[in-house]
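Within every chain, numbering begins at 1; the chains are lettered A, B, ... in the order of the sequence lines, protein sequences first and strands thereafter. Atom set for the values below is all heavy atoms of this structure, side chains included, hydrogens, waters and symmetry mates excluded.
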2 protein chains.
Amino acid sequence: MAVDAVVFGYAKTEGVSVLLIRRKYAPFQEGWALPGGFLHDDESLEAAVRRELEEETGIRAPYLEQLYTFGDPGRDPRQRVLSVAYFALVKSSRFQELKASTDAADVQWFPIGALPKLAFDHKEIVSAAIARVRAKIRYQPIGFELLDKTFPFADLERLYSALLDRPIDRRNFAKKMLALGILDETQEVAKSEGKGRPSKLFRFNKKRYEQLQKEGMNFEI
Amino acid sequence: MAVDAVVFGYAKTEGVSVLLIRRKYAPFQEGWALPGGFLHDDESLEAAVRRELEEETGIRAPYLEQLYTFGDPGRDPRQRVLSVAYFALVKSSRFQELKASTDAADVQWFPIGALPKLAFDHKEIVSAAIARVRAKIRYQPIGFELLDKTFPFADLERLYSALLDRPIDRRNFAKKMLALGILDETQEVAKSEGKGRPSKLFRFNKKRYEQLQKEGMNFEI
DNA sequence: GCAAAAGTGTTTACGGTACACCCATGC
DNA sequence: GCATGGGTGTACCGTAAACACTTTTGC
């Protein structure tokens, strides 16, 4: 019984990326694969995912959600293995903190538009994860898990545009998002990185979201 | 490695019900539980669910969808068991075809508002399944899987009302549903069962739905 | 003819969408 | 002062929601 994780990260330049490891051992030695591994006794599924992620990639997964269980006979050439797949969302600020170890020879982010060939049925798992995140970001505020704690509004818009793979009207998007009342404007302003007007920084107010959620508000982009 | 199934059925009088078996053996002997059992070698997860369902309850599951995998250590008192839970939707006409066998001492439908105490963590599984179906019926035409092939419009409305647990405006519902263009009106008319005007019978046009789906229409109630 | 359930349109309000110009900064 | 990216408001249209009376049957 194994767990695998599709870890998503976001950076302004590269867009949405997935974390892959290069396998040290057979089968698929030297091939790219999802981080993951076998479940220990007396360990919950989620704990196993967090452990494997930290062991293989050095990443501490913040947001973690079960995706689907893949169990076709033959999906692992060695023996029958069920894999419970999870997806994780990592904040931009942690995007770079990677270190390969245990059964990973290398760790690397790959933009979702340029994935390499993957071991096992991991291509299918990644596709399912992308579909899930794409659908979910429209009715749950999970996008914030991919940004820093405070972020310029334009980053949020770029993230949605990248994930939904279509242009977004800046004014309508801001209107809608601000009307939800779950963004706090901070006093800070982004230090300008080159050209253009510096942007105000916002923060996602999770408490307020949960409060409004209870009152029947629904997030919908 | 086990599979469990939350089978939903619908009848005008009892509303939405779940199929439970009475366990023949320990643990939880004589307790009510979800139909399910251990995975055979070289059998897909879905095949295992269908096999167990037929063995224990005599029901051939038509619509089947993976729900969630439950794997907390301690959820089965005997040993560590992962359970991949599925939910199934059974047409009204098959509602009555039940026969207990193998490790089931009895099989019975229970309305979702009046469930007995359940073995293992099956209460949690049922809750997750109800939540999923409730959410899903609003944006996918899965309601038809719970009705007969042809059905009076009012039945569809009652089903939605029962699942969403709120009254539905008949005129708006009909307008919206018919506007989708996925219902065919048959020539038949329901034989009146007692009082009231007999109703026209409709049929869900799955082909047309898939066609429209491809063209970007979206089902939304 | 009356009780019970099916069938059917119109009006109003709100939210989605389209759309363009000004502002602050770096160079 | 110009290039670059950030920030902001209005008008229209379409769909969601509210709302009640007529029709067909059994008894």
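- Remark: side-chain polar atoms of A/R208 are not paired, donor with acceptor, to backbone N or O of A/I182 under 3.5 angstrom.
- Interatomic distance, CZ of B/R166 versus OH of B/Y160, reported as 11.0 Å (0.5 Å rounding).
- Between B/E220 atom CD and C/dG16 atom C1' there is a gap of 14 Å when expressed in whole angstrom units.
- B/K176 has its NZ atom 14 Å from the C1' atom of D/dG14, to the nearest Å.
- Distance check, rounded to the nearest 0.5 Å: CD1 of B/I130 to CZ of B/F8 gives 5.0 Å.
- Here D/dA16 presents its C1' atom at 15 Å from CE of B/M177, a figure rounded to the nearest Å.
- Per the geometry, CG belonging to B/N218 stands 14 Å off P belonging to C/dG16, to the nearest Å.
- Among residues two or more places apart in sequence or in another chain, the ring pair (Phe, Tyr, Trp, His ring centres under 6.0 Å) test is passed with A/F144 by A/F151, A/F204.
- The nearest whole Å value for the distance from the CG atom in B/L201 to the C1' atom in C/dA5 is 14 Å.
- Distances shorter than 4.0 Å separate some side-chain N or O of A/K200 from OP1 or OP2 on D/dT8.
- What separates CD of B/E185 from C1' of C/dG7 is a distance of 11 Å, to the nearest Å.
- A heavy-atom distance below 4.0 Å to DNA chain D is reached by none of the residues of residues 136-152 of chain B.
- Closest approach of A/D155 and A/Y10 over heavy atoms only: O-OH, 4.0 Å.
- A/E157 has its CD atom 10 Å from the C1' atom of D/dG6, to the nearest Å.
- With no hydrogens or angles considered, a side-chain donor-acceptor pair links B/T69 and A/T69 at under 3.5 Å.
- Near DNA chain C, meaning a heavy atom under 4.0 Å away, the residues from residues 161-175 of chain A are A/D169, A/R171, A/N172, A/K175.
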Tell me which donor-acceptor pairs under 3.5 Å the side chains of residues 58-68 of chain B have, and how far apart each pair is, sequence neighbours excluded?
| from | atom 1 | to | atom 2 | distance (Å) |
| --- | --- | --- | --- | --- |
| B/R60 | NE | B/E54 | OE1 | 3.1 |
| B/R60 | NE | B/E54 | OE2 | 3.2 |
| B/Y63 | OH | B/E65 | OE1 | 2.6 |
| B/E65 | OE1 | B/K136 | NZ | 3.0 |
| B/E65 | OE2 | B/R132 | NH1 | 3.4 |
| B/E65 | OE2 | B/K136 | NZ | 2.8 |
| B/Q66 | OE1 | B/Y86 | OH | 3.4 |

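- Atoms CD and CD1, on B/E56 and B/I21 in that order, are 4.0 Å from each other to the nearest 0.5 Å.
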Could you go through nucleotides 2-5 of chain D and list every protein N or O atom that sits under 3.5 Å from one of its N or O atoms, giving the distance for each pair?
| from | atom 1 | to | atom 2 | distance (Å) |
| --- | --- | --- | --- | --- |
| D/dT4 | O2 | A/G196 | N | 3.1 |

Review item, side-chain donor-acceptor pairs of residues 115-124 of chain B, under 3.5 Å, at least two apart:
| from | atom 1 | to | atom 2 | distance (Å) |
| --- | --- | --- | --- | --- |
| B/D121 | OD1 | B/R75 | NE | 3.4 |
| B/D121 | OD1 | B/R75 | NH2 | 3.0 |
| B/D121 | OD2 | B/R75 | NE | 2.7 |
| B/H122 | ND1 | B/L34 | N | 3.0 |

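- Salt-bridge annotation for A/E46 and A/R50: present, with a side-chain N of the basic residue lying under 4.0 Å from a carboxylate O of the acidic one.
- Remark: the B/D4 side chain and the B/S83 side chain contain an N/O donor-acceptor pair separated by less than 3.5 Å.
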